[in-house]
Amino acid sequence: MAPSMLVRDAMTTVVLTIGPAHTLRQAAALMSARKVGAAIVHDPDAGGIGILTERDILNSVGLGQDPDQERVHAHTTTDVVFAAPAWTLEEAARAMAHGGFRHLIVLDRDEPAGIVSVRDIIRCWVPARQHVPA
């Protein structure tokens, strides 16, 4: 691992953005179709940018809530820890470990530039699998 690996090198720049009025089922369908574990929620009425993760949806369903009735705004994390593109991957991993979450929204000039996940960091830190002959 190069010590200079930065969040900008690992983050996903094509992110899913959803609105607060989507149902959790709609959010889950969009997340599944995009194969992502988190979506940026843009809600100007609730302070701007939040995040909805697969765990938020799982917790709601686990509580017996109806994903066709529950709205994204009720399950969005709004006290978000943001990363900067120039953070090292170590800084991002430390923030995730400290906060107990697996995704960071990356802001560049106060605008979402991407999302970095634990999986993104692992991909950078662990060499790709190599074929091992049997």
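Counting begins at 1 with the first residue of the sequence.
The minimum heavy-atom distance between L6 and P85, with the atom names listed, is CB-O, 3.7 Å. For E91 against W87, the heavy-atom pair with the smallest separation is OE1-CA, 3.2 Å. Taking each heavy atom of H42 and P20 in turn, the nearest pair found is O-CD, 3.3 Å. Residues A95 and V81 approach most closely at CB-CG1, 4.5 Å, considering heavy atoms.
Residue pairs meeting the salt bridge (charged side-chain N to carboxylate O under 4.0 Å, His left out) criterion with at least one member in residues 26-35: none, sequence neighbours excluded. For residues 62-71, the pairs satisfying side-chain hydrogen bond (donor to acceptor under 3.5 Å, both in side chains) are R25-D68, S60-Q65, E70-H75, with sequence neighbours left out.
Within the 4.5 Å cutoff, the side chain of I18 has heavy atoms near those of the L30 side chain. Residues T76 and I51 fail the side-chain proximity criterion, which asks for heavy atoms closer than 4.5 Å. Put simply, the side chain of V72 reaches to within 4.5 Å of the side chain of L24, judged on heavy atoms. The shortest distance between side-chain heavy atoms of H73 and D43 falls below 4.5 Å. M96 has its side chain within reach of I121: a pair of non-hydrogen atoms, C-beta onward, lies under 4.5 Å apart.
One hydrophobic cluster, built from ILVMFWY side chains closer than 4.5 Å, holds both V41 and V36. Taken together through direct or relayed side-chain contacts under 4.5 Å among Ile, Leu, Val, Met, Phe, Trp and Tyr, V126 and V7 form part of one hydrophobic cluster. The same ILVMFWY cluster, assembled from side-chain heavy atoms under 4.5 Å apart, contains both W125 and I122.
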Solution key, residues 104-119 side-chain donor-acceptor pairs under 3.5 Å, sequence neighbours excluded:
unit_1: S117; atom_1: OG; unit_2: R119; atom_2: N; d: 3.3
unit_1: S117; atom_1: OG; unit_2: D120; atom_2: N; d: 3.1
unit_1: S117; atom_1: OG; unit_2: D120; atom_2: OD2; d: 3.2

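By the side chain to side chain contact (heavy atoms under 4.5 Å, CB included) test, S32 pairs with no residue at all, sequence neighbours left out. Remark: R8 engages no residue in a salt bridge (charged side-chain N to carboxylate O under 4.0 Å, His left out) (not counting sequence neighbours). T53 meets the side-chain hydrogen bond (donor to acceptor under 3.5 Å, both in side chains) test with D56; sequence neighbours excluded.
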- Yes or no on side chain to side chain contact (heavy atoms under 4.5 Å, CB included) for E54 and R102, after CA distance, side-chain angles and deciding distance? CA-CA 10 Å; E54 57 200 357; R102 298 177 295 160; 3.4 Å; yes
- Task: Check the pair L52 / I57 against side chain to side chain contact (heavy atoms under 4.5 Å, CB included), numbers first and verdict last.
- Result: CA-CA 8 Å; L52 180 78; I57 296 169; 4.1 Å; yes
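Interatomic distance, R55 CZ to F101 CZ, rounded to the nearest 0.5 Å: 12.5 Å. Here the straight-line distance linking atom CZ of R94 with atom CG of L89 works out to 11.0 Å at 0.5 Å rounding.
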